[in-house]
Undergrad: 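Before we start, here is the structure in question, set down as structure tokens.
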Amino acid sequence: MGDGWDLLTRIKGPRDLDRLGPEQLEQLAREIRSYLVDAVSKTGGHLGPNLGVVELTIALHRVFDSPKDKVLFDTGHQSYVHKLLTGRQDFTKLKSKGGLSGYPSRAESEHDIIENSHASTVLGWADGLAKANEVLGRDDHVVAVIGDGALTGGMAWEALNNIAAAKDRPLVIVVNDNERSYAPTIGGLANHLATLRTTDGYERFLARGKDILERTPVVGRPLYETLHGAKKGLKDFIAPQGMFEDLGLKYVGPIDGHDLEAMESALQRAKRFGGPVIIHCLTEKGRGYQPALQDEADRFHAVGKIHPDTGLPIASSGVDWTSVFGEEMVKLGNERADIVAITAAMLQPVGLEKFAKAFPDRVYDVGIAEQHGAVSAAGLATGGLHPVFAVYATFLNRAFDQVLMDVALHNCGVTFVLDRAGITGTDGASHNGMWDMSILQCVPGLRIAAPRDADQVRAQLREAVAVDDAPTVVRFSKGAVGPAVAAVGKIGGMDVLRRPAEGTADVLLVSVGALAPMCLEIADLLDKQGISTTVVDPRWVKPVDEALAPLADQHRVVVTVEDNSRAGGVGSAVAQSLRDAGVDIPLRDFGIPPRFLDHASRKELLAEIGLTAPDIARQVTGLVSRIDGRLADVPSAEEITRD
């Protein structure tokens, strides 16, 4: 650390904050912001959210005694300040192998209770921890920090319903209200929180909501009466109880989240209350860093390496998969009036920003509510439209039941576009999109496309939206798109990427999606060992192409390579297809092992799990040698590469 962070370097743990006076605390906040801009600009990471919670996090650690008291963050990307205050001040390898995680991590510190990087779950955790304290007679406190964006998720409200049931069970909920998740938060809850922020337009809000609320069973009328009751006096009007107290939760706020004294006072009162309390604090995402404040899209929610003075990217990685999808969506929107788009609070990250500008009335941001998004898509399809629901592959896991029972069961023509599929790397275990092709294999009628390059993204997206009687899925990787991989022929619906120079090949190599260049490299390495290979790209990996089994029967070995879990993935589906067809030849499936992967670069993780061309070529060479009865030493991956 440099000389500009003198106070920060003295903070080895939360209790070091106790000896600081008001002026020193303000100085510490400035130093933390300066350090975050300097450090994160070098590594990339979630900058904007952390700049917004500096004072809030300082106040939390002054009032509560972590780790005895459990301080929980939803979704966890705003935990950098928490890390700095709990003894982790080396950010030089943030999100890199061997460095700090971009989210809370139990392996890093006893102060990190949950590794929670999927949104809207922290209140469920807090409810369970508070109940455990009650049963075991502990006097520990539980504090859950949740953003206004995460409160758009239904799980948060399910938890609130349970939390409110115990009037004397201590639990503090801090609503970090910055009007944004990635982008500005939208929806009914966001409108309500906006009402709590300002008196302007309150009567219009009340009148507009009356009819809707009165039609809502159970909660509707009481909620309207509670909101209406806020007119009774200035005190109630400035700090209205609203829907929170209607649920039975004590409400405190709104509080200026950058006023340390006010935050500490509110937290102390909540700590003493002895029951569930909501503290509603207002913060500014990107606070103290002008480039972030000027970024209207997402206030530097997540950045790559940037110049710290200007906030401009240091280098461009070229055209990425997401952009290719986004541009093709605009073209489809111009061609077909029935195409609509859905996003779960991630309009820009999933590439729908241009579509939204071109067709503002045909894009729906459902908030952090993937389950609702999937069911709403079923309704849109049933109503005569073709919805395209763009979502990170890791987040589709949350809506599996809805994909199965609402979309597929009803034969709805919905296209799910899965961004960041496969190993994504630096965001850690929760963000690798490595389960989608496994969990979706069992969905009847659903079809999965895995494009290998930009041209195939465009082509297969068009093929997907042409299906109006079943769900379709198009999945692609994170980052820059590689060069186009040309087909040299076609068998059934499969593209042939490589044929042996002459005769029948030894190995049929089934290449899935973006791994096509690596599979061609594997074929080159095998060729050097005297093993001939046919490489095919199925394009649509579910259902398995009918032409695959007869083709496999012409080879001695089948090898599948996928950027997905080996458990129940494409390799498993291909093996079952061969068994069903009576094709009894050896098959080896290469993919991601069924375990959670630590944060590291995609390249490092692929090497760690053996999903590289030399590693696979070595294993296939060994398999062919055993079939031939040649038990001599099989060359190592290094020797194969060198040869």
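Everything quoted here is computed from the prediction, not taken from an experiment. The basis for the numbers below is simple: all heavy atoms, side chains too, and nothing from hydrogens, waters or symmetry mates.
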Undergrad: Tell me every residue that passes side-chain hydrogen bond (donor to acceptor under 3.5 Å, both in side chains) with Lys542, counting only those two or more places apart in sequence or in another chain.
TA: none
Undergrad: Would you compute the distance between atom CG of Leu461 and atom OG1 of Thr415 and round it to the nearest 0.5 angstrom?
TA: 7.0 Å
Undergrad: According to the side chain to side chain donor-acceptor pair (under 3.5 Å) rule, which pairs have a member within residues 326-335, sequence neighbours left out?
TA: Glu328-Arg462, Glu335-Arg462
Undergrad: Supply the atom-to-atom distance Met437 CE to Leu418 CG, rounded to the nearest 0.5 angstrom.
TA: 10.0 Å
Undergrad: Would you give the length of the straight line joining atom CZ of Phe359 to atom CD1 of Ile339, rounded to the nearest 0.5 angstrom?
TA: 10.0 Å
Undergrad: Check whether the side chains of Arg420 and Thr322 place a donor and an acceptor atom closer than 3.5 Å, and report yes or no.
TA: yes
Undergrad: Indicate whether the side chain of Asp365 and that of Thr343 have a donor and an acceptor atom separated by less than 3.5 Å.
TA: no
Undergrad: Tell me which pairs pass side chain to side chain donor-acceptor pair (under 3.5 Å) where either residue lies in residues 581-595, with sequence neighbours left out.
TA: Arg566-Asp589, Arg595-Glu608
Undergrad: Under 3.5 Å, is there a donor-acceptor pair between the Asp320 and Ser323 side chains?
TA: yes
Undergrad: Without swapping roles, check the side chain of Trp435 against the backbone of Ser565 for a donor-acceptor pair under 3.5 Å.
TA: no
Undergrad: Applying side-chain hydrogen bond (donor to acceptor under 3.5 Å, both in side chains), name anything that partners Ser376, two or more places apart in sequence or on another chain.
TA: none
Undergrad: Quick check for you: to the nearest 0.5 Å, what is the distance between Leu611 atom CG and Ile423 atom CD1?
TA: 6.5 Å
Undergrad: Will you find, in the side chains of His118 and Thr394, an N or O donor that is under 3.5 Å from an N or O acceptor?
TA: yes
Undergrad: Using side-chain hydrogen bond (donor to acceptor under 3.5 Å, both in side chains) as the criterion, list what pairs up with Trp540, not counting sequence neighbours.
TA: Glu463
Undergrad: Indicate whether the side chain of His410 and that of Thr382 have a donor and an acceptor atom separated by less than 3.5 Å.
TA: no
Undergrad: Please enumerate all residues that pass side-chain hydrogen bond (donor to acceptor under 3.5 Å, both in side chains) together with Asp537, with sequence neighbours excluded.
TA: Arg452
Undergrad: Is a donor on one side and an acceptor on the other found under 3.5 Å between the side chain of Ser625 and the backbone of Thr621?
TA: yes
Undergrad: Please determine, by modelled atom types, if His555 and Thr534 share a side-chain donor-acceptor pair under 3.5 angstrom.
TA: yes
Undergrad: Any carboxylate oxygen within less than 4.0 angstrom of a Lys/Arg side-chain nitrogen, looking at Asp427 and Lys95?
TA: yes
